[in-house]
Structures are given as structure tokens and as C-alpha cells.
Student: 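Got a structure for you, questions after.
Residue numbering restarts at 1 for every chain, and letters A, B, ... go by the order of the sequence lines.
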There are 2 protein chains.
Amino acid sequence: MKTISEDEEGPRPTPTIREVASAAGVSLGSVSRVLNGHATVTPDIRAKVEKAVAQLGFKPNAVAQSMRSGASRTVGCIIRDINIPGLAGFVRSAHDVLLQEGYALLLTNSEGDPKRERELISVMMARRADALLLGHWSEQDQGLENTLREVRFPVVLMDREEPRWADSVMVDHKSSIRHATQMLAQLGHKRIALITGRDTLYPARSRIEGYREGLLSANLPFDPRLIHTGTFEAEFGYESISQLLDDSDRPTAVIAGGIEMMPGVLRSIRTRGLSIPHDISLVGTLNSPLAEFHQPPISVEDWDYAKLGRIAAKFALDRIRGEDIPNPRRFILPSEIVMRGSCAPPPR
Amino acid sequence: MKTISEDEEGPRPTPTIREVASAAGVSLGSVSRVLNGHATVTPDIRAKVEKAVAQLGFKPNAVAQSMRSGASRTVGCIIRDINIPGLAGFVRSAHDVLLQEGYALLLTNSEGDPKRERELISVMMARRADALLLGHWSEQDQGLENTLREVRFPVVLMDREEPRWADSVMVDHKSSIRHATQMLAQLGHKRIALITGRDTLYPARSRIEGYREGLLSANLPFDPRLIHTGTFEAEFGYESISQLLDDSDRPTAVIAGGIEMMPGVLRSIRTRGLSIPHDISLVGTLNSPLAEFHQPPISVEDWDYAKLGRIAAKFALDRIRGEDIPNPRRFILPSEIVMRGSCAPPPR
DNA sequence: GCACGTCAATGAAACGTTTCCTTGACGTGA
DNA sequence: TCACGTCAAGGAAACGTTTCATTGACGTGC
């Protein structure tokens with residue numbers, strides 16, 4: 001028995017259910033049943049327990065609950081970087097849905113490092129996450145796929161399509177980029193370039209597909225020199241468009257398919273003293289104050305990251321609850337092209 | 001004893017330390033010692049255990065570890081909205097530091113709802129977080145303060161100064177806004193307006209202080225009609241600056257001290273057909289692609305959120321480790337004014 | 001009046017670790 | 001040779017819950 005002396009240092013540890021029981025003069029089990037709102041409990045007992053709980057300031061220990069129940073009521077989230085525009089919106093809305101159901105969100109950034117990515121998955125396993133929201137960095141990393149296979153919790157992918165056996169919420173980049181390509185063609189552009197990430201990732205792959213379909217439907221030739229794939233980042237955008245613009249036979253329109261790309265692209269165009277849209281038409285990725293308030297405003301491929309987050313969370317919850325969904329589920333979120341002043345007919 | 005039959009459905013639960021022990025033919029305690037790298041363990045035993053661990057694919061159960069050790073190795077983070085520009089940078093770098101030390105980050109958004117804020121603190125208590133990073137919504141909410149007092153873990157405030165007994169990492173808005181005010185005065189502005197959040201929050205309070213100091217040092221009168229306090233958001237920025245601009249005696253310069261304010265401010269200025277900086281000079285908050293690529297580029301108060309996050313995490317870790325720091329610690333991060341084309345002498 | 005069914009409360013067991021006490025083996029020094 | 005010290009391994013207890021089998025009280029129907 002622990003002696004609690006007045007002069008003991010620091011606050012004494014939070015009371016346990018056991019202390020509540022003895023304070024209320026009832027059994028351990030009864031306290032538990034009251035706390036969990038079980039049916040078979042007398043008003044009398046309920047009152048006693050509630051009084052003791054309030055008096056002692058008892059807070060249930062979620063760790064012990066997890067321990068006993070085997071469910072941590074925690075959902076992991078591994079993304080490259082919460083700091084990437086838009087991702088915060090995804091995380092926020094996923095968090096909202098999860099919180100409402102009593103789940104907490106364990107957020108981690110892989111920073112695009114495959115090794116770290118696997119470590120983080122390990123962390124999620126060790127912490128017995130109940131599900132994982134994952135936007136991984138390469139869809140062709142066999143090691144990652146193997147790790148994922150060993151995982152004990154459902155996985156929901158974010159804008160990824162591999163591994164196929166996992167649920168996924170994806171953005172329909174293909175349709176919107178097809179659309180953008182067609183619109184540019186309709187304005188009279190013949191040389192339309194596409195800059196996007198490496199095709200080991202779904203968003204890049206699907207943009208490339210859409211681009212090719214768009215060219216095809218507009219009867220424009222496909223020129224592989226007009227596709228640049230690398231990363232989704234500003235620096236790559238800068239390098240890439242600079243190279244395109246410095247070519248003697250430069251494109252008259254560019255689709256920049258990378259969320260973080262815009263500043264790099266704009267910088268390059270400005271440095272060269274070119275004007276949007278007179279010299280070059282531009283379609284960016286993801287709406288932002290920058291796109292909206294730029295002069296001229298920039299056309300973008302845009303989608304609702306918040307909705308994506310909500311649905312990802314819902315997918316995860318469904319799996320956690322063991323609803324029997326035999327096949328992997330995919331949700332394809334439409335994305336749209338917001339046409340703005342950055343697109344015009346090509347220079348004659 | 002549980003029978004594991006071949007045809008049993010689903011993957012069998014992850015092995016426990018006990019199974020590892022029996023597989024390796026050693027005792028429970030020895031396995032634990034090997035796993036935790038204790039000194040007193042024979043190479044022979046170590047080898048056996050490691051082999052068994054590898055064979056069974058054993059992963060330690062962090063929940064059980066927390067249960068036993070009383071430390072969850074989890075740090076909570078409550079902010080208004082991860083989606084607010086800059087905050088993601090704070091979270092990211094805090095996460096980095098914590099992860100490196102084996103801590104996970106439990107992220108939540110209060111959405112500026114005091115009730116929800118308190119619930120979230122409750123969540124952190126229940127989950128036995130080891131520390132809390134908190135950017136709360138009102139520094140004058142007595143209920144919140146009381147709740148915080150009952151908390152069993154150290155609290156590190158983010159850009160807040162109340163309650164005083166907690167550690168805090170803050171941005172030196174006062175100096176930079178004083179500086180901005182002085183610079184505008186130097187350009188010849190006599191009527192400089194300040195728009196910022198409610199003064200129940202430190203960032204607004206300190207900006208107002210800096211503004212007043214700046215006016216004073218420039219020998220400009222303080223006109224209360226030129227201070228608008230409300231929220232840090234675009235809509236308030238819009239309303240607020242609209243009102244200022246529509247006044248017959250309108251200001252010639254505006255400092256918009258709110259992270260999310262810029263789009264609203266710009267919209268209003270544009271709607272009125274005014275030109276920056278000829279009709280009105282503008283200083284915004286927090287650097288962004290928008291500020292940088294706007295025509296003209298917009299001057300801003302800017303600071304390093306990543307650094308703030310790192311230091312907040314470090315503060316938390318220090319407290320967790322019980323380093324005996326008797327008094328609350330404050331870190332004041334300098335912020336700077338980036339002067340750009342949006343500031344010029346006032347119209348004559 | 002007795003047996004039985006119902007229902008609420010009790011108390012023990014279990015979840016997977018870590019820690020600490022105990023045991024046993026071995027070596028050393030008197 | 002014996003006593004003792006050292007060291008590694010074993011095993012039990014404990015962390016705070018939930019759950020489940022058990023107990024006991026009470027009422028009902030025969």
C-alpha cells in the first residue's frame with residue numbers, strides 16, 4: 001500500500017479505476033461498466049461512481065485501454081511533408097473525421113526518403129496503429145511493398161495506385177490534364193509541354209496519360225522532348241522549363257504538373273523576360289493565392305484535398321470496423337481545370 | 001493454451017516477447033534485456049534471441065511498453081488548423097526533432113473552438129501524452145487555464161505568452177512591426193493603419209505594441225481609428241481594409257498583421273481600382289510565393305517557423321527528461337521585415 | 001415453501017511489457 | 001575445502017483497464 005504523505009513532492013499520479021472503486025465503495029467491474037455506459041447498472045451505483053470520478057478527477061488511461069482492448073484508436077499518417085501545399089488540407093479533414101470517431105492521428109513525414117518511410121511504417125506497427133494513411137514515395141519499391149504486406153492494419157493510399165491490394169483515394173489527374181491539353185490545342189497551340197514528377201508515382205503517370213490522350217484527340221503529334229519528368233518541386237520546375245524555353249523550337253504552352261513547381265516556373269519565365277500568356281501559356285497545379293492573384297491569374301488543375309482526406313479517413317474507419325469489403329476500394333476524385341488569363345492563343 | 005491450426009483464418013497476431021522467449025529457449029527477462037540492449041547478457045543468449053526475433057518477425061508492442069513504463073513517448077500538438085500557412089512548417093520541424101528522439105506527434109486541430117480545445121487537452125491527458133505543444137485560441141479563457149493547470153505533462157506554448165508558468169516559443173512581432181512602422185514613416189507616410197487579430201492573443205498584442213512604439217519614435221500621432229483588430233483571416237482583412245479605404249481620410253499605408261489575411265486585403269484593393277504602391281503601401285505577414293511573385297512584390301513580416309518548431313520540440317524534450325529548469329523558459333524568435341516594391345512614398 | 005430464473009455486482013484473469021528479486025553456477029581467496 | 005562474492009538467467013509482480021465466470025439476492029411460478 002502506498003503512503004501518501006502531505007509533504008510528498010509533486011502532484012500525485014492520476015487516480016486509477018481501482019481508487020475510484022474504493023472511493024465509491026463499489027467493485028472494479030462496476031466502475032468500468034459505468035464508464036463504458038453498460039446497460040446493467042443501477043442508478044444508485046452509477047451515481048456513486050460518477051461522484052467519485054468527479055471528486056478524484058479521474059481520467060481513463062487510454063494506454064491501458066488500448067492494452068486491454070488491443071485497439072490503439074490511433075490512425076497513422078505517413079506523407080512526404082506536411083508542409084507541401086494542400087497536404088495540410090488533406091490531413092486536417094482526415095483528422096476531423098477520425099477525431100469525431102474517437103481516433104487520434106499520428107502524423108509523420110517521410111521526407112521522400114524510402115528508408116525513413118520504412119522506419120515510419122515500423123513505428124506505426126510498434127505503436128499498433130489501427131490503420132494507416134499513406135502517400136508513399138515510390139510505387140516501385142519492392143522493399144516497401146514487402147514491408148506493407150507484413151503490416152497488421154488496413155492501409156489507405158493517398159493519390160497512389162500501388163500496391164493494388166490496398167484501398168486508395170486518388171485524384172483524376174488524367175482527365176483534367178487531358179482536358180487542359182485539349183483546351184490549349186483549341187486555342188491553337190501545337191507545341192504543348194508537360195513537366196511533372198517521376199513516373200514511378202501515380203500522379204505523374206496519370207498526368208502523362210492524360211496529356212497523351214489530349215494530344216491524340218487534338219491530332220497533335222507526340223514529341224517526347226516536350227515531356228519532362230523529375231520531381232514535383234520548384235527547382236525541377238525551374239530547370240525543366242528553362243531548358244524548354246531555351247530551345248530553338250520552344251513550346252508555346254506548358255502544363256506544370258507539380259504541386260510545388262509554380263514558383264520555379266514563374267521565376268524562369270520572368271528571368272527570360274517572357275510574358276504570360278503572350279509568349280507562353282501556362283497551366284499550373286493546385287489552386288492557391290499565388291495562382292489567383294498573379295498577373296495574369298494562372299490556370300490550374302485543382303482538386304478538393306479536404307474531400308480526399310475525409311474519404312481516406314472514412315475508408316480507414318470502415319476497414320477498422322471490419323465491414324466486410326472483400327476487394328480493395330478506390331475512390332477517384334475528379335479534378336478540374338480552372339481556366340484563367342495565363343492561357344491564350346500562341347504568338348503568331 | 002491457444003491452438004494455432006493451419007486453417008485458422010487471417011494472419012495470426014504478432015508474436016509477443018513470451019513467444020520469442022520460448023522459441024529461443026530462454027526466459028522472458030532475457031529477451032527483454034536483449035531487446036533493450038542491457039549490458040549483462042551473454043553473446044550466446046543474445047544470438048538466440050535475435051534469431052528468434054527475426055524468425056518470428058517480432059515487433060515490440062509500444063502500447064505495452066507505455067503501459068509498463070508510464071511514458072507514452074508521444075507529444076501532443078494542438079493548433080488551430082494545420083492548414084494555416086506556416087504552421088505546417090512548425091509542425092514539420094517539431095516532428096523531425098521528436099521523431100529523432102523516439103517520440104511520435106499526435107496532431108490535432110482545435111479550429112479555434114474553445115470547447116474543442118479543452119476536449120483535445122482531455123484527449124491528450126487520456127492518452128498520457130508526455131508533453132504538449134499548444135497554440136491556443138484565447139489567452140484570456142479562464143476555463144482553459146484551469147484545465148491546463150490540471151495537466152500532468154509539460155506544456156510548450158507556440159506564439160503565446162499566457163499562461164506565464166508554461167514554457168513558450170514566441171515570435172518578436174513587436175520589433176518587426178515597430179520597424180515596419182518606422183520604415184513607412186520614413187517614406188513619408190503619416191497615416192499608417194494596422195489590421196491584426198484580437199488582442200486576446202499575443203501576436204496581435206505585440207504587433208499593436210510595436211506599431212505604437214513605431215509611431216511614437218517617428219513622432220506620428222496615434223489614431224485609434226487606424227487600428228482594426230478582429231481575426232487573422234482573409235475575410236476580416238477584406239472587411240477591415242475596405243472600411244479603411246472607403247474613409248474620406250484614408251491611410252496611405254497598411255500593415256496587415258494576419259497570416260491568412262493577404263488574399264482578402266489584395267481583393268479589396270483591386271476591387272477599388274487602387275494601385276500598390278502608388279495609392280497605398282502594403283506590408284503583409286509571412287513570406288509566401290504570393291508575396292514574392294505579386295506585382296509589385298509585397299513587403300512582409302517574416303520569420304522562421306521551422307526554427308520555432310525545433311525549439312518548441314527541444315523545450316518539450318528537456319522537460320520530459322526532467323532537466324531541472326525551475327522557471328518557465330521563453331524563446332523569442334526574431335522576425336524581420338522584408339522590404340519590397342509594395343512600399344513607396346505616399347501619393348502627394 | 002421450494003426450486004429455479006433473472007439480474008446486478010464482484011473479483012479474478014488477461015493484455016505485453018519491464019523490473020526486480022531470487023536462484024544457481026562459477027571463481028576466488030583464505 | 002569452504003565461504004563468499006559476482007554475474008547471468010529465471011520468474012513473478014506490476015502497470016490500468018475490460019471481460020467473463022461466479023456469487024448472491026430477489027422474485028416468481030408451481
Student: CE of A:Met67 versus P of D:dT19: gap in Å, rounded?
Tutor: 15 Å
Student: For A:Arg18, does the CZ atom sit with more than 12 other heavy atoms under 6.0 Å from it, leaving out its own atoms?
Tutor: no
Student: To the side chain of B:Asn61, which of C:dT17, C:dT10, D:dG16 is closest?
Tutor: C:dT17
Student: When the C1' atoms of the five terminal pairs at each end define the local axes, what inter-axis angle does the helix from C:dG1-D:dC30 to C:dA30-D:dT1 show, to 10 degrees?
Tutor: 70°
Student: Does B:Val26 or A:Lys59 map to a spot on DNA chain D nearer the 5' end, using the closest nucleotide for each?
Tutor: B:Val26
Student: ring-ring contact (aromatic ring centres under 6.0 Å, His included) with A:Tyr305: which residues, sequence neighbours excluded?
Tutor: A:Trp303
Student: Assuming nearest nucleotide by heavy-atom distance, tell me which of A:Arg18 and A:Gly25 is located more 5' along DNA chain C.
Tutor: A:Gly25
Student: What I want to check is whether the side chains of A:Thr74 and B:Arg127 have a donor and an acceptor closer together than 3.5 Å.
Tutor: yes
Student: Donor-acceptor pair, A:Asn109 side chain versus B:Arg92 backbone, under 3.5 Å?
Tutor: no
Student: Within this structure, what is the CZ-to-P distance between B:Arg73 and C:dT17, rounded to whole angstrom?
Tutor: 16 Å
Student: Does a side-chain N or O of B:Ser30 approach OP1 or OP2 of D:dG10 to a distance below 4.0 Å, or not?
Tutor: yes
Student: Report the distance from atom CG of B:Leu35 to atom P of C:dT17, rounded to the nearest whole Å.
Tutor: 8 Å
Student: Specify the separation, in whole Å, of atom CZ of A:Arg127 and atom C1' of C:dT17.
Tutor: 15 Å
Student: Let's see if you can work this out: which of C:dT10, D:dA9, D:dG16 has an atom nearest to the side-chain heavy atoms of A:Ala64?
Tutor: D:dG16
Student: Please answer whether the main-chain N or O of B:Gly89 pairs with a side-chain N or O of B:Ser93 as donor and acceptor at a distance below 3.5 Å.
Tutor: yes
Student: Taking any heavy-atom pair under 4.0 Å as a contact, classify B:Val63: base, sugar-phosphate, or nothing.
Tutor: nothing
Student: Restricting to nitrogen or oxygen on both sides, can you table the protein-nucleotides 19-23 of chain C pairs closer than 3.5 Å?
Tutor:
residue: C:dT19; atom: O4'; partner: B:Arg68; partner atom: NH2; Å: 3.1

Student: So, does A:Thr16 get its side chain near the phosphate of D:dG16, meaning an N or O under 4.0 Å from OP1 or OP2?
Tutor: no
Student: Strictly below 4.0 Å: does A:Gln65 bring a side-chain N or O up to OP1 or OP2 of D:dG16?
Tutor: no
Student: Answer yes or no: is there a donor N or O on one side and an acceptor on the other, between the side chain of B:His136 and the main chain of B:Glu162, under 3.5 Å?
Tutor: yes
Student: Can you tell which of B:Arg73, B:Lys314, B:Arg321 makes a salt bridge (charged side-chain N to carboxylate O under 4.0 Å, His left out) with B:Glu101?
Tutor: B:Arg321
Student: Within 45 degrees of the ring normal and closer than 6.0 Å to the centroid, is that where the cationic atom of A:Arg128 sits relative to A:Phe153?
Tutor: no
Student: Please give, in whole Å, the distance from D:dA8 C1' to B:Ile45 CD1?
Tutor: 8 Å
Student: Atom CD of B:Glu19 to atom P of C:dC15: distance rounded to whole Å?
Tutor: 10 Å
Student: Less than 4.0 Å between a side-chain N and a carboxylate O, is that true for A:Arg116 and A:Glu111?
Tutor: yes
